[in-house]
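Worksheet for the structure shown next.
Only heavy atoms go into these numbers, but all of them, side chains included; no hydrogens, no water, no symmetry mates. Note that the coordinates shown come from a computational prediction; the quantities given were computed from them, not determined experimentally. So you know, we letter chains A, B, ... as the sequences are listed, proteins then strands, and number each from 1.
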4 protein chains.
Amino acid sequence: MSSPGSAQPTRRLRAGIVGGGRGAFIGSVHRIAAELDGQALLVAGAMSSDARIARASAADWFLERAYASYEEMAAAEAADANGIDFVIIATPNDLHFPVARAFLEADIHVICDKPLALTVAEGEELVRLVESGSTLFALTHVYTGYPAVRQAREMVRGGRLGEIRLCLVEYTQDWLMEPLENRGNKQAAWRMDPARAGLGGCVADIGTHAANLLEYVTDRPIEAICADLTSFVKGRRLDDDAHMLLRLAGGGKGTLVCSQIACGEENRLSLRVYGSQAGLEWHQEEPNTLLFKPAGRPWERLRTGHGYMGAAARAATRVPPGHPEGYLEAFANLYRSFMQDVRRVALGQAPVRDYPGVHEGVRGLRFVAQAVASSRAGSLWQSV
Amino acid sequence: MSSPGSAQPTRRLRAGIVGGGRGAFIGSVHRIAAELDGQALLVAGAMSSDARIARASAADWFLERAYASYEEMAAAEAADANGIDFVIIATPNDLHFPVARAFLEADIHVICDKPLALTVAEGEELVRLVESGSTLFALTHVYTGYPAVRQAREMVRGGRLGEIRLCLVEYTQDWLMEPLENRGNKQAAWRMDPARAGLGGCVADIGTHAANLLEYVTDRPIEAICADLTSFVKGRRLDDDAHMLLRLAGGGKGTLVCSQIACGEENRLSLRVYGSQAGLEWHQEEPNTLLFKPAGRPWERLRTGHGYMGAAARAATRVPPGHPEGYLEAFANLYRSFMQDVRRVALGQAPVRDYPGVHEGVRGLRFVAQAVASSRAGSLWQSV
Amino acid sequence: MSSPGSAQPTRRLRAGIVGGGRGAFIGSVHRIAAELDGQALLVAGAMSSDARIARASAADWFLERAYASYEEMAAAEAADANGIDFVIIATPNDLHFPVARAFLEADIHVICDKPLALTVAEGEELVRLVESGSTLFALTHVYTGYPAVRQAREMVRGGRLGEIRLCLVEYTQDWLMEPLENRGNKQAAWRMDPARAGLGGCVADIGTHAANLLEYVTDRPIEAICADLTSFVKGRRLDDDAHMLLRLAGGGKGTLVCSQIACGEENRLSLRVYGSQAGLEWHQEEPNTLLFKPAGRPWERLRTGHGYMGAAARAATRVPPGHPEGYLEAFANLYRSFMQDVRRVALGQAPVRDYPGVHEGVRGLRFVAQAVASSRAGSLWQSV
Amino acid sequence: MSSPGSAQPTRRLRAGIVGGGRGAFIGSVHRIAAELDGQALLVAGAMSSDARIARASAADWFLERAYASYEEMAAAEAADANGIDFVIIATPNDLHFPVARAFLEADIHVICDKPLALTVAEGEELVRLVESGSTLFALTHVYTGYPAVRQAREMVRGGRLGEIRLCLVEYTQDWLMEPLENRGNKQAAWRMDPARAGLGGCVADIGTHAANLLEYVTDRPIEAICADLTSFVKGRRLDDDAHMLLRLAGGGKGTLVCSQIACGEENRLSLRVYGSQAGLEWHQEEPNTLLFKPAGRPWERLRTGHGYMGAAARAATRVPPGHPEGYLEAFANLYRSFMQDVRRVALGQAPVRDYPGVHEGVRGLRFVAQAVASSRAGSLWQSV
């Protein structure tokens, strides 16, 4: 790590990864995002529980150190003076908790896919671990990394919308419209297995992203939900579709729709926020545009890269206007913030924590638990 | 009226109107829609309860006969051998029932703005009146008049979507985001006065359109709703925003959002239907396009006016592709179907009733009543 | 006609039509547009040179007087105290001139489809006829009737764009991508017959609309063109595709593209104007939106029906924002302006002439002639 | 380099860069694109002619070897057994030629920004150098790296469009609408200086991209152009706006518009191709969508990431549908193809050359020269 006292970093950070081996597209996404700004290099990994895949995956990426297990990796890297600066957790959900705990206990910073864990109790144990030490923890709610999302948050904070009244958030896909879990699709298999995915299916996988996005942009926590969860595909053990009514702190209301059986939808995450003075609209599939709707005036189409954008959006943009950025760059923005904190901590400085962490993680687990509870009770309102 | 036995009509139909005088934009909409195909002419009216406005409005339109009251008009027109063939009701909600009753009792066909009446009981009385006679009754759920909506219905009926799973319908506006009812806006004043508008505000004014559109396209009645209604504007007596979870006959689910405080929205009515084989999407503000989303294949962008459209859409289109049609033409399509029935009945033929009528009207009144009941009970599910 | 001295019109105007019989969609378009505002009624016509079609068409529309020829109609109507106030010319191009001349000589106001005539010489004779009398003449460059187009013109005139630099105008269709003229399509047959259509094919039919739109919005005449015309379909006698470089008065430049073989295009007329301070963009297929692009600021999306629109757009809009208007309403706006002049002249007032007329007609004929000349000369610049 | 005989690469490639130092956004673009797939690492550079900037830039990127000049770098790297595998040229235009020559002569593979050189003569010398050796040369016509563009090319090649008739290509921006070259903007200064940029301004900077895109997708070379170039900003020495008529091999026609004074445009590169059986449309600012317009059927909206896309597009896509990819990923696709060839050559295999090279470079230089010649001659047709 950079020696304390040196303001200028003198080397790329060293990163390791658990999970994300061949066949899991999310592995490459992490590698690209971590390395995109030239501030880190993947050097170590325990990329699969299947030893053959683990070795092949490590070779694909020219890793210096390939491990057979995350326990071995945590121990060895902690003991190595040139060990990794942080670990990426890109496993199925059920491993998030034990892997995160192992690296936190080894004093290695962690950046972890959501959900934080399988249960609220596990999540709270990670909160205690993180709060009792100085190790950093980031949760990859990637959609908060988009410049236009950060612009939206800045505009809400700046009072441009007035009092927040109505929020509509949606996240629809169709990749689970057939019973892929019975047809050899590995991701579908673990995502629809309660033992590996947790209480929620669709509501956990993408509903939590939608809820997090809404709370991130508006700064208004969802206080209560009234939910209806469904498994449209026969024999499916977890929900593949969920709708809910929302009540937000401060009096706002809204709806959240998430579905993985919405035929024809790819990754349609969208957010609309309506206040007493203006509205905002954003679509993840066209992420460089933010629509601003001031009362009584024409809509404005804000675009990333322009000088009129606020500081947060500008800091998260790499190219001039009209040169589209996308999902990988958004992911890289989370890494950028996280790695800046890794450098700060190495220099003895206080971290800024400008990214989702364990608290957002526990909040997501509660959201899933209460959505399931509401639905089981016949759509009764539940506090989150 | 055309003499029975003559297949070819020999004159334009004669129409009368109650309400819709100067200052009410909906009056002109009715006149244009009724006359658009050259099949009718407005000749009589009782256009306002204010005698001066009534006279001026009738003069604006070159009406042959201007009445001071609808009672007088119903009596006089019924007695006149050259009296009107049908009456248009374009008054505030509280008059729909008495005016409709008066003309039905005078055996004059009626085309009436929604809602059908103020209460379910009134609505049911109109059902009895209509069913006990041979007088026609049409309710102007105008959005069912769009060719692309008719195409959507035809595609659902033809099985192109498979089993219906998920329906998302929305109708958002912003014209009531300020308390216009206290600032001299006449329409806002009666729409937010329970005595004149009925139980529902936004949910009645536009929520019923959304519910009707969904049921029209899918042929699946909404069986139950779980609703949350709000009055965001302080002091307002009826809801200006409503969200609900839906359960449809046949197992489909969905959400309905309606709002009149959604800052920046004009008249954003949109419908999405997702089945087991394909999805559909339609936006009223861009009405000539229908998106079709077959599983595993690219979206198709169907456009009105093309030979590949079905019979229902083709019959409702007046111009070639790329020549936009809009709201007035959709309205005229309702009139076209209704007036064809007026001619059929005159010839002693059975009416086709290819337009919303009293049954859809009662259904809308129940929808409003149950949405209000659900919301008051803390969002408990209510059958519709 | 209204008696002079009466400010308030007391009856609908009486209109006649030549051409536009069964099978010609443009006939209904004229009838609807003329009658839309309740200010006129079609009462007479010589709707086809085929007597059977002429009679049937007149019966379809309940015309009071059906004529076998336009000559007979002009004579009879001029002699009738209750004769028509104006005539609509909706014939193939070759009849525009003789029909217009006949009615102008009968002192009956004329509204005529473009092009004005077959040749510049004919057009100039009509100019002389119109200028030597007090009879009104309107040419249906319908696209100038859209509210958003009028807003664009008002913004350019108000200096909102600064100095005009670059104009891109396009009008593409695909309806002639196959040799329909050899397959029994009557419109295609006369449009691709030089004897009936004139010098130009696509460049005359739609290129003139594009040129007129550009000049209407910018107030900058096209001074010179450098053109390349093509007949892509084998054996075709007139162009079905044309491109040209433009030079505008005041130093602006641009391109004009028109094509009737652009596979998949319906009626894609669009205009972009770029100035030293802002840009504008409009698409006919989504006509209620006008994009305004001020330098260094977000694009604004102006929409018809709003209070922020200028006087010209507001006067051409019939419904609130979000209720789409289209082609028929744009056409009706031309009629509205023309018929207001008809009433003014009847009252002895000066006409306002807020619609295209004989001068725009001659300009269009010159544009076609010079485009053909430029192309034949190997794309040499020609003044217009 | 990978030892011959080993199929699996065993290390990341080593890359160097000339130019692209602090303040030049294109430098980071190259670094990100080169490293994105984890197949290369930037290790050496001569990043600025300003020694201070060169050092600081190298430190920013943790380069192992920073050079003061490209000559020194070429010599040292060629002599180093662990020297770079290829060099990136990201300098102003006037240095492309000497830098490329230096590295080619040192037998180091080159990937170079366009234009290839300042003059056709220089470009032809590079052709000779490349053809006489085995060193690879790639030119970064980045827009050919988009998956949807590759899909378009594959569909044209597969005959899906039939005979190509009409091509419309546009590339508009506004960043030079003010005289930035006189206001301290370094990029503007060299781009509008004939000594450093060459004969063309806008036509060279972006017009060549447009021409290349059209030729890449259609496989039809532009045979002749008829051009009009303008400098709208007073005192500017090179064109900032250009329009041209096009004739393509095989009989197609079209237009090319490029402008850097189109107020409000960011980086609006778009291509439309119309054939006798179908049309295609693509917009760089929304790059993951390709519109396909088969005759007589609805438009299809092809989206990257789907199984229905062809092999070329699939090979150029890193994430599932609905996860937007953009400019950086397109750039990385060029690097991917180039670096695969670098590995092939190291293994003694024949390169595939699936990326633009010196021939496309010379073609671009001729295009600029002939556009300038045509415009100077009063828009006479010139062969390309």
task: Name the region of C:Leu380, side chain, backbone, both or neither, that has any atom closer than 4.5 Å to a heavy atom of chain D.
output: side chain

message: Less than 4.0 angstrom from a charged side-chain N to a carboxylate O is my criterion; do C:Glu181 and C:Arg237 meet it?
response: no

task: Name the region of D:Arg297, side chain, backbone, both or neither, that has any atom closer than 4.5 Å to a heavy atom of chain C.
output: neither

message: For D:Gln370 and D:Arg366, which I'm curious about, is there any donor-acceptor pair between the side chains at under 3.5 Å?
response: no

task: Spell out, as yes or no, whether a donor-acceptor pair under 3.5 Å connects the side chain of D:Asp239 to the backbone of D:Ala242.
output: no

field: ring-ring contact (aromatic ring centres under 6.0 Å, His included), paired with D:Trp282, selected from D:Tyr216, D:Phe292, D:Tyr146
entry: D:Tyr146

Residue, of C:Met177, C:Glu281, C:Arg268, C:Lys293, that accumulates the most heavy atom pairs under 4.5 Å with chain D: C:Arg268

task: Indicate yes or no for a side-chain donor-acceptor contact from D:Glu154 to the backbone of D:Ala312 under 3.5 Å, with no hydrogens or angles considered.
output: yes

query: Mind checking which of residues 156-175 of chain C sit less than 4.5 Å from chain D, heavy atom to heavy atom?
result: C:Arg165, C:Leu166, C:Leu168, C:Glu170, C:Thr172

statement: The interface call for C:Pro298 against chain D, heavy-atom contacts under 4.5 Å, is neither

field: Non-hydrogen atoms of C:Pro221 and C:Arg363 that approach each other most closely
entry: CB-NH2, 3.7 Å

query: In terms of heavy-atom pairs under 4.5 Å with chain C, which of D:His243, D:Met244, D:Arg247 leads?
result: D:His243

Which portion of D:Gln277 sits near chain C, non-hydrogen atoms under 4.5 angstrom: backbone

- line: The reported gap from OH in D:Tyr274 to CD1 in C:Ile261 (rounded to nearest 0.5 angstrom) is 9.0 Å

Please tabulate, one pair per line, all N/O donor-acceptor pairs under 3.5 Å involving side-chain atoms of residues 248-257 of chain C, not counting sequence neighbours.
{"residue": "C:Lys253", "atom": "NZ", "partner": "D:Asp228", "partner atom": "OD1", "Å": "3.1"}
{"residue": "C:Lys253", "atom": "NZ", "partner": "D:Asp228", "partner atom": "OD2", "Å": "3.2"}
{"residue": "C:Lys253", "atom": "NZ", "partner": "D:Thr230", "partner atom": "OG1", "Å": "2.9"}

- line: From the list C:Gly296, C:Ser276, C:Gly264, C:Ala227, the residue making the most non-hydrogen contacts under 4.5 Å with chain D is C:Gly264

- prompt: Does D:Asp240 use its side chain to pair, donor to acceptor, with the backbone of D:Val233 at less than 3.5 Å?
  reply: yes

message: So for D:Ser259, is it side chain, backbone, both, or neither that comes closer than 4.5 Å to the heavy atoms of chain C?
response: side chain

Aromatic ring pairing D:His209/D:Tyr143, orientation class (parallel under 30°, perpendicular over 60°, tilted between): perpendicular

